[in-house]
J.: 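The structure is given below, and queries will be raised subsequently.
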Amino acid sequence: MQDKIILYDISSNLMPKAWSPNTWKARFVLNYKGLPYETVWVSYPDIATLWERLGLSPDIDKSGKPNTFLPIISVPSNEGGPPTVIAESFNIALFLDHEYPDTPRVIPPNTAALQASFVQTLRSTLISSLGPLLVSQIPSKLDPGGASYFVRTRKESWAVQNLEDVAPYGSEKRREYEKKLHASFRTLYALLSSNGGMREPDIFSPPTSPIISSGSGFPFNSAGVSVDVGGGVKLGRTGETHWVMGPIGPTFADFALGGMLYWIQSVEDPAEDGEGKRGTGELWSKIKTWNGGRWAKLMDSLAPWQFSE
């Protein structure tokens with residue numbers, strides 16, 4: 001009988017193995033909530049079979065094919081029944097917030113639409129430039145079956161003979177993608193900088209009725225406090241102001257952004273003098289200096305929940 005949550009993630013030959021920005025969102029949530037789980041690694045060509053085995057019904061994409069993907073979690077029943085199976089990271093976050101109310105919420109009350117909108121903004125502003133810059137480096141990080149599947153399907157979607165042709169190194173095309181990416185990060189930085197003018201108490205309640213308390217027995221981390229926003233709902237708070245919601249965080253939006261940044265670190269080829277280490281690639285070396293080092297600081301702040309098998 002299943003006795004803990006199972007997270008289905010995309011296999012790789014990296015160590016640690018986790019790399020996908022989509023599955024990292026769910027992994028961050030599980031790590032942050034402190035929920036015990038185990039990972040089942042799935043090769044790309046086996047994802048569709050997994051959906052069928054778990055009894056999930058995929059949507060049909062624009063090409064008429066079933067849209068199967070990861071992450072998926074399987075959550076054991078407290079009553080001995082069959083496990084609950086949920087696909088897609090945002091759905092997973094909503095479910096875990098509801099089912100485990102004694103853990104910190106990652107989607108604060110009445111913010112689901114805003115959190116989802118921010119994630120969509122990340123996709124529209126960053127992925128269109130990041131995808132071309134990273135696509136040719138991903139196959140070497142995958143298991144053999146996954147690599148073959150990835151190369152075949154991405155060559156079809158990009159309509160190229162070789163994935164290296166999407167954004168060739170040293171080409172003007174690649175430089176243009178990097179310029180667009182830099183502009184996208186500047187846009188994102190400007191959006192997040194709008195948090196700077198808000199005083200922390202104003203986010204929750206009038207000063208005459210403060211509801212920020214420390215020593216509540218529900219620590220964000222060893223140095224943090226909890227915030228009770230009513231109805232027994234508690235959110236993490238560090239006092240730092242660089243989260244998507246200012247001093248309140250991390251939330252799902254932070255994990256979505258962190259997943260993308262960790263994706264870059266994971267799949268980008270290390271620099272020749274980087275001793276094979278993640279995060280030494282050319283692109284990340286640039287990104288971590290942009291906008292006053294904002295993105296490197298975010299990754300440092302997410303480090304307590306950035307672990308996997």
J.: Under 3.5 Å, which donor-acceptor pairs do the side chains of residues 41-52 form with other protein atoms, sequence neighbours left out?
T.:
| from | atom 1 | to | atom 2 | distance (Å) |
| --- | --- | --- | --- | --- |
| S43 | OG | D143 | OD1 | 3.4 |
| S43 | OG | D143 | OD2 | 2.8 |
| S43 | OG | G146 | N | 3.2 |
| W51 | NE1 | F69 | O | 2.8 |

J.: Would you say S124's side chain and T121's backbone share a donor-acceptor pair under 3.5 angstrom?
T.: yes
J.: Kindly compute the distance separating CG (L30) from CH2 (W305), expressed to the nearest 0.5 Å.
T.: 14.5 Å
J.: Who pairs with D9 by salt bridge (Lys or Arg N to Asp or Glu O under 4.0 Å), at least two apart in sequence or on another chain?
T.: R27
J.: Examine distances only and state if a side-chain atom of S148 and a backbone atom of G145 form a donor-acceptor pair shorter than 3.5 Å.
T.: no
J.: Can you list everything that forms a side chain to side chain donor-acceptor pair (under 3.5 Å) with Y100? Sequence neighbours excluded, please.
T.: none
J.: When you measure from the side chain of N31 to the backbone N and O of F28, does any donor-acceptor pair fall under 3.5 Å?
T.: no
J.: Salt bridge (Lys or Arg N to Asp or Glu O under 4.0 Å) with K141: which residues, sequence neighbours excluded?
T.: D269
J.: For A256, which residues count as a side-chain contact (heavy atoms from CB on, under 4.5 Å) partner, sequence neighbours excluded?
T.: K25, V119, L122
J.: Would you say S74 and L54 make side-chain contact, with heavy atoms under 4.5 Å?
T.: no
J.: Roughly how far, to the nearest 0.5 Å, is the CG atom of L283 from the CD1 atom of I287?
T.: 4.0 Å
J.: Taking only distance into account, with no hydrogens and no angle test, what donor-acceptor pairs under 3.5 Å do side-chain atoms of residues 81-98 form with protein atoms, sequence neighbours excluded?
T.:
| from | atom 1 | to | atom 2 | distance (Å) |
| --- | --- | --- | --- | --- |
| E88 | OE1 | F90 | N | 3.1 |
| E88 | OE1 | N91 | N | 2.9 |
| E88 | OE2 | F90 | N | 3.2 |
| N91 | ND2 | A87 | O | 3.3 |
| D97 | OD1 | K33 | NZ | 2.6 |
| D97 | OD1 | V106 | N | 3.1 |
| D97 | OD2 | V106 | N | 3.3 |
| D97 | OD2 | I107 | N | 3.0 |

J.: Do you know the tightest heavy-atom contact between W19 and S11?
T.: NE1-O, 3.6 Å
J.: With sequence neighbours excluded, what pairs up with K286 under the side-chain contact (heavy atoms from CB on, under 4.5 Å) test?
T.: E178, E282, W290
J.: Mind checking side chain to side chain donor-acceptor pair (under 3.5 Å) for R123 and listing every partner two or more places apart, or none if nothing turns up?
T.: Q120
J.: Mind checking the OH-CG spacing from Y189 to L191? Nearest 0.5 Å is all I need.
T.: 12.0 Å
J.: Enter the distance from L257:CG to F185:CZ here, rounded to the nearest 0.5 Å.
T.: 7.0 Å
J.: Does K62 have any side-chain contact (heavy atoms from CB on, under 4.5 Å) partners at least two apart in sequence or in another chain, and if so, which?
T.: none
J.: Roughly how far, to the nearest 0.5 Å, is NZ of K288 from CD1 of I264?
T.: 12.5 Å
J.: For N78, enumerate each residue passing the side chain to side chain donor-acceptor pair (under 3.5 Å) test, keeping only those at least two apart in sequence or located in another chain.
T.: none
J.: Could you tell me which residues satisfy side-chain contact (heavy atoms from CB on, under 4.5 Å) with E164, sequence neighbours excluded, listed by chain and number?
T.: S136, N162
J.: Checking R175 now: which residues fulfil side chain to side chain donor-acceptor pair (under 3.5 Å) with it, not counting sequence neighbours?
T.: E172
